Every structure is written in C-alpha cells, then in structure tokens.
Amino acid sequence: MTTNQSLKPLTVAVNALGHLEIGGCDTVALAKKFGTPLYVLDRYTIESICREYKNAFKSYPKIRMMYASKALCTIATSQLIAKEDFGFDVVSGGELFTVHKAGVDMSRVLFNGNNKSFDELSLAIDLNTGRISVDNFTELEMLNEIALSKNKIVKILLRITPGIECHTHEYIQTGHLDSKFGFDLTQIDEAVELILKKYKHLELMGLHAHIGSQIFETKIYSDEVEILVKEIARLREKFVLNLDEINLGGGLGVKYTKTDKPPSVDEIADVIITALNTAIQKYQIVPPVVYIEPGRSIISTSGVTLYTIGGQKQVPNSTKYVAIDGGMADNPRPSMYSAEYSAVVANKANSEENLQTVTIAGRFCESGDILIKNIQLPNPEKGDILCVFNTGAYNFSMSSNYNRVQKSCMVLVNNSQSDIIVYRETFEDLISRDVILDGLI
Ligand code: LLP
C-alpha cells in the first residue's frame with residue numbers, strides 16, 4: 001500500500017481523551033488554539049509519498065519528479081517538497097513567484113498553462129525558469145519575441161493533446177481531442193518547423209502531455225507513453241531532431257471514501273517503466289528524460305480540515321442538517337464536482353454511540369453548499385469538532401472569499417509540534433485592497 005491509498009494521514013491516532021491525533025497533535029486542541037476552519041497538514045505523510053514516488057521510479061534513472069503546485073501552493077509546502085528533491089510545475093505568475101520566494105532551484109521549475117501572459121512569461125525568463133511548456137502558436141510567437149528582446153535562449157516543451165483523456169475513472173482515445181490545452185497531434189509538425197526555422201530563441205527539448213486527474217486506470221499511462229515516444233521517434237526521422245524529454249503530467253488518484261480504490265504509486269510506476277522500456281526498444285530511441293508531475297496524490301492525503309459544528313436542523317421526516325463554520329469557500333469540490341469526502345467527530349473519535357445519519361451543511365448562502373451527504377456520526381452536537389479527511393489538494397488552492405469570509409489558517413504538524421504556515425485572514429485583510437471613494441456618504 002502507498003500513501004495515496006490511505007483515507008487518512010499516516011500519523012492518525014486516537015489519544016487517551018478519545019480525541020483524534022495527527023502528527024502527535026490533538027486535533028481538538030489544535031482547533032482551540034488556532035480556531036476553525038483550520039487546514040492541518042501532516043509533514044510525515046507528505047514526506048512519505050514523495051519518497052514512495054522516488055523509490056517506485058528508481059529503476060528508471062532519467063526520471064525527474066515534479067510537484068504540480070496547483071494542488072496546493074504555499075511557501076512552506078514548496079520548501080518541504082523541494083527538500084524531498086522534487087522540481088515544480090507552476091501555472092501562473094503567482095505560483096512562479098511563490099516557489100521562487102521559497103528558494104526553489106528555478107532550473108527545476110516548469111511553467112505551463114494555456115494562456116500565459118506577456119508579463120508572466122517575462123517573469124519566468126527573468127527568473128531563469130528551467131522549462132516553459134508552450135501551449136499554442138500565439139504563445140510560441142510571443143515567447144520568442146520576449147526571449148529575443150532579452151537576448152536569451154529559452155528551453156521549451158510543446159504541450160500536446162495526445163488524443164487520450166481521462167473522464168473520472170474511464171478514458172477515451174480519439175485521433176483528435178476537443179481540448180483547450182496544447183497542440184493537436186496534427187499541429188506538431190507545423191510548430192516544430194516554426195521553432196527550427198523562425199523562432200531562433202526557442203530551444204525545443206521535448207513533449208508534454210497530461211491526461212486527466214483522479215485517475216484510477218493504469219493502462220492509460222502506457223498508452224500515453226507509447227504516443228509520446230512514437231512522436232519523439234517520428235520527429236527525429238522527419239526533422240533530424242534529438243528530443244530528449246517527455247513529460248507525462250500527473251493524475252494519480254487518491255482515496256476520498258472507503259469505496260475509492262486508487263492504484264498504488266508502485267503500480268503506476270511499473271506500468272510507466274514497462275511501457276517506456278518497450279517503446280524505447282520498439283522505436284529505437286535513446287532513453288529520454290521523463291518528468292512525472294503529480295499534484296493531488298502528493299498533498300491530498302496529508303491534509304484534513306477541522307470545523308466547529310454549530311446549529312442543526314431536522315426537516316420533519318427527512319434530512320437532518322448539521323451546520324459547520326466553513327464549506328464551499330474553503331472546499332468548493334463538493335459543490336463544483338459532487339466530490340465526496342469522509343469525516344469523523346474529532347472529540348468522539350472512538351465513539352460508536354448514538355450514530356445518526358446527517359448531512360453536513362456549509363455556512364455559505366447557497367443551498368448547494370453541502371459538504372457531505374448522509375454521513376453517520378456519533379451524536380454530533382454544537383461545539384463538536386468535525387474532521388474532514390483528504391483536503392490537502394485543491395481545497396485551499398481553490399478557496400475563495402465568498403460571502404466575504406476570511407480564508408482559513410493552515411498549520412503543519414509533525415512530532416507533536418504545530419506551526420502556522422498560512423495565517424488566517426483578518427477583516428482588515430478582506431478590505432485591504434478596497435478603495436474608499438471620497439464624498440459618497
Ligand atoms: N500536470 C498538468 C499539466 C495538469 O494540468 C495537472 C492538473 C497536473 C499535472 C496535476 O494533476 P493531479 O496529479 O493533481 O491530478 N481542480 C480539480 C483538479 C484539476 C486538475 C488540473 N490539472 C479537482 O479539484 O479535482
């Protein structure tokens with residue numbers, strides 16, 4: 001079993017008080033000390049999955065592990081993941097700036113995205129970002145112009161749409177794919193010709209693809225490898241071009257509920273390495289550098305969110321709603337994707353008494369702000385602490401200030417110690433960018 005197959009952080013325990021502990025910290029005490037909603041990240045769980053990835057791929061020496069920052073991007077998590085010897089995939093000026101401020105070696109950063117701005121690309125070049133994954137013809141031209149104006153040669157990958165895409169737990173394969181990301185397979189040659197003949201400030205290093213997220217299917221990765229290696233071999237023949245890099249993107253799934261059964265990191269690595277060796281042999285190419293850039297599976301399992309339970313409403317002969325002090329602004333995934341989560345009452349972590357089936361309602365002014373439907377909890381009462389698991393990825397990074405509620409605090413726990421890594425916003429923070437117009441009232 002690898003960490004992405006665990007519903008809870010690896011250090012979860014129940015202490016003598018019957019309270020849930022993570023990283024040796026009593027979650028009820030954490031809620032009291034830092035307030036709720038509170039994002040809690042377990043350092044040991046993050047380090048474990050990073051090491052599992054590196055270990056699983058070690059038989060392919062030219063592997064380069066990257067972390068997809070979009071899942072969660074803060075200075076402290078970037079420091080932690082860089083320490084595990086990962087590079088970074090970033091998709092905005094903001095993520096670029098964050099990893100730079102975290103002291104990440106910028107030669108190990110890849111800048112990706114379908115509509116990067118002039119300013120973002122300029123910043124990426126100024127910071128000596130290792131690779132830029134170019135998404136389309138407009139960007140090729142703009143990037144070359146910026147590089148020319150700075151008298152620099154920029155190393156790029158071409159983002160391609162390989163004609164396979166994962167839709168939740170199934171995937172489709174087509175000649176073309178109607179996707180907003182990347183060059184269609186039929187457009188690659190034109191892009192390569194432009195780079196070789198016209199865009200002299202761009203140096204093409206390889207190809208980049210990403211086939212989906214929360215993937216449970218392993219074979220899709222072997223198809224992706226085959227397509228990318230075949231393209232590299234084809235381009236070598238046609239353009240006498242030695243492309244040495246392929247980037248397979250991210251996507252490995254995690255376990256949000258008891259019924260989720262994501263493959264292990266070892267299974268995915270096995271499928272990818274076997275497919276690589278087969279394709280390298282088949283197309284007779286030098287083994288390329290291979291980037292893997294998981295986001296969710298690196299950070300999701302390490303994170304939980306603590307909430308305080310407030311009011312309750314029993315609809316006659318129907319649903320019992322239990323309200324919490326957070327919801328769709330700190331975790332938009334249930335309302336956006338009908339995503340499912342698991343939870344326990346942290347201060348009754350061992351209790352099976354008086355189990356009730358309830359629906360966890362968020363505090364935001366929308367009927368759709370429901371965090372978990374029909375979950376069994378032991379007599380949830382006002383003041384109890386609800387712990388929702390697997391919230392490390394795409395929660396804080398997709399959070400908002402809806403209803404003008406302050407964004408939550410985040411703490412990192414390890415060896416019974418807890419450190420704030422993102423402060424809770426204040427009311428003053430909320431209005432800090434507002435302008436008061438003179439003379440209106
Ligand atoms: N590389 C590229 C180019 C990507 O577009 C993505 C995710 C990743 C890597 C990382 O994929 P992961 O390993 O995290 O699955 N907001 C959605 C997920 C969107 C993922 C977008 N791209 C969610 O909350 O489920």
Side-chain angles (χ1 to χ4, degrees), residues 7-9 12 20 22 27-28 30-31 34-41 71-72 168 213-214 253-260 296 299-315 318-349 355-411 424-425:
L7 192 67
K8 304 174 182 178
V12 153
L20 190 78
I22 299 172
T27 53
V28 181
L30 290 177
F34 299 107
T36 55
L38 181 69
Y39 296 109
V40 180
L41 289 185
L72 173 65
T168 326
S213 203
Q214 185 60 357
V254 299
K255 187 176 175 70
Y256 287 110
T257 64
K258 278 196 180 122
T259 51
D260 281 342
R296 187 192 316 265
I299 204 74
S300 181
T301 321
S302 74
V304 304
T305 309
L306 304 177
Y307 300 98
T308 304
I309 290 178
Q312 310 201 355
K313 173 182 175 179
Q314 173 70 64
V315 180
S318 185
T319 311
K320 178 168 181 176
Y321 289 100
V322 170
I324 50 166
D325 55 356
M328 66 188 294
D330 58 79
N331 181 1
R333 300 191 70 258
S335 50
M336 276 182 89
Y337 317 118
S338 305
E340 291 182 58
Y341 282 88
S342 312
V344 297
V345 176
N347 50 307
K348 298 172 183 168
L355 283 178
Q356 299 177 14
T357 302
V358 300
T359 286
I360 307 295
R363 60 160 293 175
F364 296 91
C365 293
E366 249 186 71
S367 308
D369 180 25
I370 299 294
L371 211 60
I372 306 177
K373 283 186 186 149
N374 299 326
I375 180 173
Q376 282 214 316
L377 294 176
N379 187 28
E381 295 164 294
K382 186 173 183 317
D384 281 350
I385 303 299
L386 186 78
C387 174
V388 179
F389 296 109
N390 246 303
T391 60
Y394 303 115
N395 273 228
F396 178 75
S397 68
M398 293 173 70
S399 64
S400 75
N401 288 118
Y402 186 42
N403 292 172
R404 275 238 142 158
V405 172
Q406 314 94 291
K407 285 192 185 169
S408 302
C409 173
M410 189 180 298
V411 297
R424 186 178 304 284
E425 284 181 340

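These numbers were taken from a predicted model, which means no experiment stands behind them. Atoms considered below: every heavy atom in the structure, side chains included; atoms not considered: hydrogens, waters and symmetry mates.
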> Within the distance-only criterion (no hydrogens, no angle test), does the side chain of Arg424 pair as donor or acceptor with the backbone N or O of Phe34 below 3.5 angstrom?
yes
> So, for Leu7 and Lys258, which heavy atoms are closest and what is the spacing to 0.1 Å?
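Nearest pair, atom of Leu7 first, then Lys258: CD1-N, 4.3 Å.
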> Of Ile360, Asp384, Leu371, which meets side-chain contact (heavy atoms from CB on, under 4.5 Å) against Tyr307?
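Going through the options one by one, the only one that passes is Leu371.
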> What residues form a ring-ring contact (aromatic ring centres under 6.0 Å, His included) with Tyr39, not counting sequence neighbours?
Phe396
> Find the distance between OG1 (Thr359) and OH (Tyr321) and round it off to the nearest 0.5 Å.
6.0 Å
> Decide side chain to side chain contact (heavy atoms under 4.5 Å, CB included) for Glu381 and Ile309; before the verdict, give the C-alpha distance in whole Å, the side-chain angles of both, and the deciding distance to 0.1 Å.
CA-CA 7 Å; Glu381 295 164 294; Ile309 290 178; over 6 Å; no
> Who passes side chain to side chain donor-acceptor pair (under 3.5 Å) against Asn379, sequence neighbours left out?
Gln356
> Just wondering, more than 12 heavy atoms not from Gln406 lying within 6.0 Å of its CD?
yes
> Would you give the length of the straight line joining atom CE of Met336 to atom CG of Asn331, rounded to the nearest 0.5 angstrom?
11.0 Å
> NZ of Lys320: more than 12 outside heavy atoms within 6.0 angstrom?
yes
> Work out which heavy atom in Cys365 is nearest to a heavy atom in Asn403; give both atom names and the distance.
N-OD1, 2.9 Å
> With rounding to the nearest 0.5 angstrom, report the CG to OG1 distance, Asn374 to Thr357.
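Answer rounded to 0.5 Å: 6.5 Å.
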> Mind checking the OG1-CD1 spacing from Thr27 to Ile22? Nearest 0.5 Å is all I need.
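Answer rounded to 0.5 Å: 6.0 Å.
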> Is it true that the side chains of Asn390 and Ser300 contain a donor and an acceptor less than 3.5 Å apart?
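Looking only at side-chain atoms, Ser300 and Asn390 do form a donor-acceptor pair, the distance falling under 3.5 Å.
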> Considering residues at least two apart in sequence or located in another chain, which fulfil the ring-ring contact (aromatic ring centres under 6.0 Å, His included) criterion with Tyr341?
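In terms of ring-ring contact (aromatic ring centres under 6.0 Å, His included), with neighbours along the sequence ignored, Tyr341 is linked to Tyr256.
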> What are the two closest heavy atoms between Val12 and Leu20, and how far apart are they?
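For Val12 and Leu20, the tightest heavy-atom pair comes out as CG1-CD1, 4.0 Å.
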> Could you state the interatomic distance from CZ (Arg296) to OH (Tyr394), rounded to the nearest 0.5 Å?
5.5 Å
> Ignoring hydrogens, what is the shortest heavy-atom contact between Val304 and Cys387? Give both atom names and the distance.
CB-SG, 3.7 Å
> Rounded to the nearest 0.5 Å, what's the gap from CE on Met410 to CG on Leu38? Could you check?
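Output value for this atom pair is 9.0 Å.
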> Might you point out which heavy atoms bring Ile324 and Arg363 nearest each other, and give the distance in Å?
O-CB, 3.5 Å
> What's the shortest heavy-atom distance between Ile372 and Ala343, and which atoms?
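Closest heavy-atom pair between Ile372 and Ala343: CD1-CB, 3.7 Å.
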> Does any donor atom in the side chain of Asp369 or Tyr402 lie under 3.5 Å from an acceptor atom in the other side chain?
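No pair is found: no donor N or O on one side chain lies under 3.5 Å from an acceptor on the other.
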